[in-house]
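Working notes, beginning with the structure itself.
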Amino acid sequence: MTDDIEDFDVGSEWHVAAPYDFLRRLRRDRPVFHSEHLGAYVLSRHADVRAAYGDPRRFSSKGSLTISRSLTRETKEKLGEHGSFLSSFVANVDPPDHTRLRRSVSKAFTPRAVAAMEQAFRRLNEDLLDRLEPRGRADFVSEIGHEPSIKLTARFIGVPEADETFVQTHVKDWFQLFLSPQPPDRQLELADSFLTYLDYVDRLVAARAKDPQDDFTSLMTSLIGGELSHREVVELISTILLGGNDTVPNQLGNSVLRLLREDAWPVPPELVPNAVEECMRIDGASLGSFRHALTDVPLHGETIPAGSLVLLSTDSAAHDESVFPDPERFLIDRPNAAEHMVFGYGIHFCVGAALGRLQLRTALDVLGRRLPRLRLVAGEPIAYRRSLVGRGLASLAVEW
């Protein structure tokens with residue numbers, strides 16, 4: 001065992017942009033690593049991460065998404081009862097609550113329902129490129145990657161088109177508040193934004209209760225008082241909006257950057273599905289999930305004490321040499337690329353994974369056909385947002 005391994009540091013550029021030398025040393029020398037910076041134990045090997053995902057009796061999801069320990073007392077007081085936001089979200093609870101919540105949400109994500117969204121998403125991408133293509137240049141992150149996903153998610157949830165920008169802004173704020181360390185003054189600003197957003201979602205649920213539409217909010221609202229509580233519905237809607245407004249677009253940006261750097265653009269249509277998996281493996285938008293140890297967990301000569309916070313590093317697992325030979329090499333036809341755990345694993349496998357994959361495949365198909373000469377703008381810096389659990393580009397200058 002070595003004692004000179006540096007700690008996680010989410011305030012540094014390398015933490016999100018290039019953590020792989022660090023993670024490789026963890027896998028080799030410290031597979032159970034206590035991070036003072038995170039206040040958590042870290043599991044970095046693929047087998048250990050997968051086993052922890054599949055063992056809710058020892059690794060509890062309850063409260064795992066609520067990173068409120070980083071909030072100041074003043075911020076917690078401002079948030080009040082909402083400081084435990086996400087406490088009843090499906091990825092943040094254990095069975096039997098998890099079983100009940102997942103069963104309810106799955107009603108909206110049937111294979112037929114997901115497939116029906118493909119044409120709508122394709123059209124949104126085509127319409128966007130009809131406007132942008134003549135310009136010959138854009139910021140991929142702000143002008144190409146986000147809009148179609150935001151609009152599709154808004155339609156799915158039932159957010160009026162006029163409110164899309166409002167939702168996008170506030171979703172980013174609550175992500176920063178709960179899932180990314182912020183200085184005290186900024187926390188208070190984000191808390192105000194979050195409370196405004198929560199009030200909006202609450203009013204949307206109330207409106208659908210009175211006047212149901214053909215959307216996710218109406219379907220979930222119809223289950224209030226039976227399968228779901230009002231708070232559970234608000235948190236479900238809020239978190240799905242996060243996926244569509246942030247996580248999926250971030251993964252698309254990461255994927256396009258990787259493909260351009262690897263001189264693999266445009267992707268031949270028959271390779272798009274596997275290219276999506278390899279891009280998620282090597283540049284995942286999700287870096288991992290937190291759990292709480294319910295018992296003492298002996299592992300690799302160490303003991304994770306009961307009550308400890310544990311980070312399951314899916315980012316490291318996706319680069320584990322024992323599963324993915326030559327893991328830092330991008331192989332567009334890697335046969336086991338889909339063994340990454342960007343969408344989680346076991347009972348907590350993301351219920352929206354099929355929709356996320358569909359969006360990524362469709363976007364790469366349309367963009368590759370419409371912008372075959374897409375390339376990075378020479379000399380423009382590439383920077384990632386800083387986060388505990390997510391990888392996304394702040395901007396990406398491209399031309400064609």
> Taking the side chain from Asp296 and the backbone from Thr303, do they hold a donor-acceptor pair closer than 3.5 Å?
Replying inline: no
> Residues in ring-ring contact (aromatic ring centres under 6.0 Å, His included) with Tyr384, at least two apart?
Replying inline: none
>> If we ignore hydrogens and angles and just use 3.5 Å, is the side chain of Arg361 paired with the main-chain N or O of Pro273 as donor and acceptor?
In response: no
> Would a 4.5 Å heavy-atom cut-off, applied to side chains only, mark Leu23 and His319 as touching?
Replying inline: no
> What pair of heavy atoms forms the shortest contact from Pro305 to Ala293, and how long is it?
Replying inline: O-CB, 3.7 Å
>> Working note: Arg122 + Glu126, criterion salt bridge (Lys or Arg N to Asp or Glu O under 4.0 Å); need CA distance, chi angles, decisive distance, verdict.
In response: CA-CA 6 Å; Arg122 185 174 296 274; Glu126 297 278 7; 5.3 Å; no
> Less than 4.5 Å apart, any side-chain heavy atom of Leu124 and any of Leu152?
Replying inline: yes
> Once you round to the nearest 0.5 Å, how far does CD of Glu6 lie from CG of Asp21?
Replying inline: 9.0 Å
> Could you walk me through whether Leu360 and Leu252 pass the side-chain contact (heavy atoms from CB on, under 4.5 Å) check?
Replying inline: CA-CA 6 Å; Leu360 293 167; Leu252 179 59; 4.0 Å; yes
> Could you go step by step and tell me if Glu77 and Arg73 meet the salt bridge (Lys or Arg N to Asp or Glu O under 4.0 Å) rule?
Replying inline: CA-CA 6 Å; Glu77 289 176 354; Arg73 180 180 57 81; 2.8 Å; yes
> CG/Asp283 to CD/Glu278 distance, rounded to the nearest 0.5 angstrom?
Replying inline: 9.0 Å
>> Is it the case that the side chain of Glu399 and the backbone of Ala397 share a donor-acceptor pair, with hydrogens and angles ignored and the cut-off at 3.5 Å?
In response: no
> In Å and rounded to the nearest 0.5 Å, what is the CZ to CG distance from Arg28 to Asp320?
Replying inline: 13.0 Å
>> Let me confirm one number: the CD1-CG distance from Ile157 to Asp163, rounded to the nearest 0.5 Å.
In response: 13.5 Å
>> Could you check whether atom CD of Glu74 has more than 12 heavy atoms from other residues, nucleotides or ligands sitting under 6.0 Å from it?
In response: no
> Step by step, would you call Arg131 with Asp127 a salt bridge (Lys or Arg N to Asp or Glu O under 4.0 Å)?
Replying inline: CA-CA 7 Å; Arg131 300 195 310 270; Asp127 290 347; over 6 Å; no
> Counting only heavy atoms not in Asp326, do more than 12 fall under 6.0 Å of its CG?
Replying inline: yes
>> Tell me whether the count of non-hydrogen atoms from other residues, nucleotides or ligands lying under 6.0 Å of CG in Asn336 goes above 12.
In response: yes
> Taking atom CG of Asp214 as the centre, does the number of heavy atoms from other residues, nucleotides or ligands within less than 6.0 Å exceed 12?
Replying inline: no
>> I need the Tyr345 OH to Glu339 CD distance, nearest 0.5 Å.
In response: 9.5 Å
>> Classify the ring geometry of Phe22 against Phe8: parallel below 30°, tilted from 30° to 60°, perpendicular beyond 60°.
In response: perpendicular
>> Quick one, Glu143 and Arg135 - any side-chain contact, counting heavy atoms below 4.5 Å?
In response: yes
> Of the non-hydrogen atoms in Phe330 and Cys279, which two are nearest, and what is the gap between them?
Replying inline: CE1-SG, 3.9 Å
>> Please tell me whether Val377 and Phe140 are part of a single hydrophobic cluster in this structure, the criterion being side-chain heavy atoms less than 4.5 Å apart.
In response: no
> Is Leu129 reachable from Leu259 through a run of I, L, V, M, F, W or Y residues, each pair having side-chain heavy atoms under 4.5 Å apart?
Replying inline: yes
> Going only through I, L, V, M, F, W and Y residues with side-chain contacts under 4.5 Å, is there a path from Leu257 to Trp265?
Replying inline: yes
> Could you walk me through whether Val398 and Glu380 pass the side-chain contact (heavy atoms from CB on, under 4.5 Å) check?
Replying inline: CA-CA 9 Å; Val398 294; Glu380 290 288 337; over 6 Å; no
>> Treating Arg391 as the side-chain partner and Gly284 as the backbone partner, does any N or O pair qualify as donor plus acceptor under 3.5 Å?
In response: yes
>> In the structure I gave you, are the side-chain heavy atoms of Arg45 and Leu299 within less than 4.5 Å of one another anywhere?
In response: no
>> Would a single hydrophobic cluster contain both Leu190 and Tyr197, if residues Ile, Leu, Val, Met, Phe, Trp and Tyr are joined by side-chain heavy-atom contacts under 4.5 Å?
In response: yes
> Can Leu331 be reached from Tyr20 by stepping across I, L, V, M, F, W or Y side chains whose heavy atoms are under 4.5 Å apart?
Replying inline: no
>> side-chain contact (heavy atoms from CB on, under 4.5 Å), that's the test. Do His146 and Val141 meet it? Break it down for me.
In response: CA-CA 6 Å; His146 279 69; Val141 172; 3.7 Å; yes
>> Let's go through Ser218 and Asp215 carefully: what are the C-alpha distance in whole Å and the side-chain angles of both, what is the deciding distance for side chain to side chain donor-acceptor pair (under 3.5 Å) to 0.1 Å, and is it a yes or a no?
In response: CA-CA 6 Å; Ser218 297; Asp215 55 39; 2.8 Å; yes
>> Tell me whether the count of non-hydrogen atoms from other residues, nucleotides or ligands lying under 6.0 Å of CZ in Arg369 goes above 12.
In response: yes
> Judged by atom type as modelled, is there a donor-acceptor pair below 3.5 Å linking the side chain of Arg208 to the main-chain atoms of Gly158?
Replying inline: yes
>> So does Leu177 get a backbone contact from the side chain of Gln182, meaning a donor-acceptor N/O pair under 3.5 Å?
In response: no
> Would you say the side chain of Asp173 lies within less than 4.5 Å of the side chain of Phe194, judging by non-hydrogen atoms?
Replying inline: no
> Going through the checks in order, is the salt bridge (Lys or Arg N to Asp or Glu O under 4.0 Å) test met by Arg30 and Glu302?
Replying inline: CA-CA 10 Å; Arg30 303 287 293 275; Glu302 301 280 341; 5.3 Å; no
> When you measure from the side chain of Ser222 to the backbone N and O of Leu219, does any donor-acceptor pair fall under 3.5 Å?
Replying inline: yes
>> Assess, by modelled atom type and distance only, whether the side chains of Thr247 and Asn250 contain a donor and an acceptor separated by less than 3.5 Å.
In response: no
>> When you measure from the side chain of Glu147 to the backbone of Leu128, do you find a donor-acceptor pair of N or O atoms at a distance under 3.5 Å?
In response: no
> Taking all non-hydrogen atoms of both residues, which atom of Arg57 and which atom of Leu294 are closest, and how far apart?
Replying inline: O-CD1, 3.3 Å
> Heavy-atom distance under 4.5 Å between the side chains of Val256 and Leu374, does that happen here?
Replying inline: yes
> Hey, is the main chain of Thr165 close enough, under 3.5 Å, to the side chain of Thr169 for a donor-acceptor pair?
Replying inline: yes
> Hey, does the side chain of Asp48 reach the backbone of Leu43 with a donor-acceptor pair shorter than 3.5 angstrom?
Replying inline: no
> Who are the salt bridge (Lys or Arg N to Asp or Glu O under 4.0 Å) partners of Asp130, not counting sequence neighbours?
Replying inline: Arg123, Arg370
> Do Ile240 and Phe156 pass the side-chain contact (heavy atoms from CB on, under 4.5 Å) test, and can you show the C-alpha distance, the side-chain angles, and the key distance before you say yes or no?
Replying inline: CA-CA 10 Å; Ile240 291 172; Phe156 174 72; 4.2 Å; yes
> With side chains defined as the heavy atoms from C-beta onward, is the minimum distance between Lys151 and Glu161 less than 4.5 Å?
Replying inline: yes
> Does NZ or CZ of Arg334 fall inside the cone over Phe324's six-membered ring, less than 6.0 Å from its centre and within 45° of the axis?
Replying inline: no
> Taking side chain as C-beta onward, heavy atoms only, is Gln251 less than 4.5 Å from Val276?
Replying inline: no
> From Leu241 CG over to Tyr200 OH, what is the distance, rounded to the nearest 0.5 angstrom?
Replying inline: 8.5 Å
>> Under a 3.5 Å cutoff, is there a donor and acceptor pairing between the side chains of Arg291 and Ser61?
In response: yes
>> Show the nearest heavy-atom pair for residues Gly145 and Pro249, with the distance to one decimal.
In response: O-CB, 3.6 Å
